[in-house]
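Take a look at the structure below.
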Amino acid sequence: MSDLLGVIFISIGIIFNILGCLGLIRLPDVYNRLQSSTKCVTLGTCSILLGVLMFFGFNSIGVKALFCIPLLFFTSTVGAHALARGAYWFGVKLADKTKIDEYKDLVKSAKEGGTA
Amino acid sequence: MKYLVYTLIAFGFWLLFTFNLSIQNIIVGLVISILTVVFLGSYFVADVGKLGQPLRYYWFIVYVFIFAWECLKANLDVAYRILQVNMPIEPGIVKVKTVLKTDVARATLANSITMTPGTITIDMKDDTLFVHWIYVPSGNPTEYTHQVVGRFEKYIKKIFE
């Protein structure tokens, strides 16, 4: 029973990882690519780790897999934020489809004022 | 007192992570937790008294389930957009205000936003969050973002403040 659950979770994880990588190739700019790579890939990897927990139960391997989930979670979100902010301040353009940009004024005034 | 609590948390984490109760492991774990807290404890300024209030844990568990459901919906949404041939995306950056005060609560809110419906927190200046949407909602985007943020704020306020 738990083997079956493990296989199901790992399959879901692999599907989400594939979708995340597909998004990384297809989406137009840095920010949208970060969306797909943080959301799909993090959930996919969390799902794979849960599958590992189901396979092995609460022994040394399973508990390590369980504890990797919050670590992965915080590092990937903070990493995505840092990359997006860094890209914006460096001057990477938003895609042509972009509708509104309310962040522009702040960056502009900070750059002219000389404080980053 | 604060540093003692941090050391205990770090040590508990070490024990669960290594899953090994031999003497060497416990000694190494203690030394490493103490060193970590000595060097990094001063950066972590949350009020440890809050750790002893059980109601916060109850809301934390409720929040984890709500968050997992939102996270799953967000993933299906992004996956759906990627798989479309013409990719129905309308990206944009929206600014939104938060009512949360403490740093830990704000960081949690920003992380939650990054993981849910097609949004990434790009920057935070005082109480203003800048959120990148993969699909800016039609109508009044600021109003809609307020709703999304408000749903998490309610729980985070109960957990951390």
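Chain identifiers are assigned alphabetically (A, B, ...) following the order of the sequence lines, protein sequences preceding nucleic acid strands; residue numbering begins at 1 within each chain. A quick note: this is a predicted structure, and the numbers were derived from the prediction, not measured.
Using a 4.5 Å cut-off between side-chain heavy atoms of Ile, Leu, Val, Met, Phe, Trp and Tyr, with links allowed through other members, I8(A) and F55(A) fall into different hydrophobic clusters. In terms of hydrophobic clustering, with Ile, Leu, Val, Met, Phe, Trp and Tyr side chains grouped at heavy-atom distances under 4.5 Å, L49(A) and M54(A) are assigned to a common cluster. Hydrophobic cluster membership is shared by V62(B) and F67(B), with clusters built from Ile, Leu, Val, Met, Phe, Trp and Tyr side chains linked at under 4.5 angstrom. Both L53(A) and L16(B) belong to a common hydrophobic cluster when Ile, Leu, Val, Met, Phe, Trp and Tyr are linked at side-chain heavy-atom distances under 4.5 angstrom. Cluster membership for I32(B) and L4(B), using ILVMFWY side-chain heavy atoms within less than 4.5 angstrom, is not shared.
With a 4.5 angstrom heavy-atom cutoff, F16(A) touches chain B only via side-chain atoms. Contact annotation for T42(A): only side-chain heavy atoms (C-beta onward) come within less than 4.5 Å of a heavy atom of chain B.
Crowding of I23(B) atom CD1: a count of heavy atoms from other residues, nucleotides or ligands under 6.0 Å not exceeding 12.
If you tally non-hydrogen atom pairs under 4.5 Å between each of L83(B), L72(B), L76(B), N111(B) and chain A, the highest count goes to N111(B). Of the listed residues (T121(B), I120(B), T114(B)), the greatest number of heavy-atom pairs within a distance under 4.5 Å of chain A belongs to I120(B).
A distance below 6.0 Å separates the ring centres of F67(A) and F13(B).
Atoms CD1 and CG, from I122(B) and L34(A) in turn, are 9.0 Å apart once rounded to the nearest 0.5 Å.
A distance-only check finds a donor-acceptor pair linking the side chain of Q35(A) to the backbone of H132(B) [under 3.5 Å].
In this structure, L71(A) and F17(B) have side chains that are in contact, with non-hydrogen atoms separated by less than 4.5 Å.
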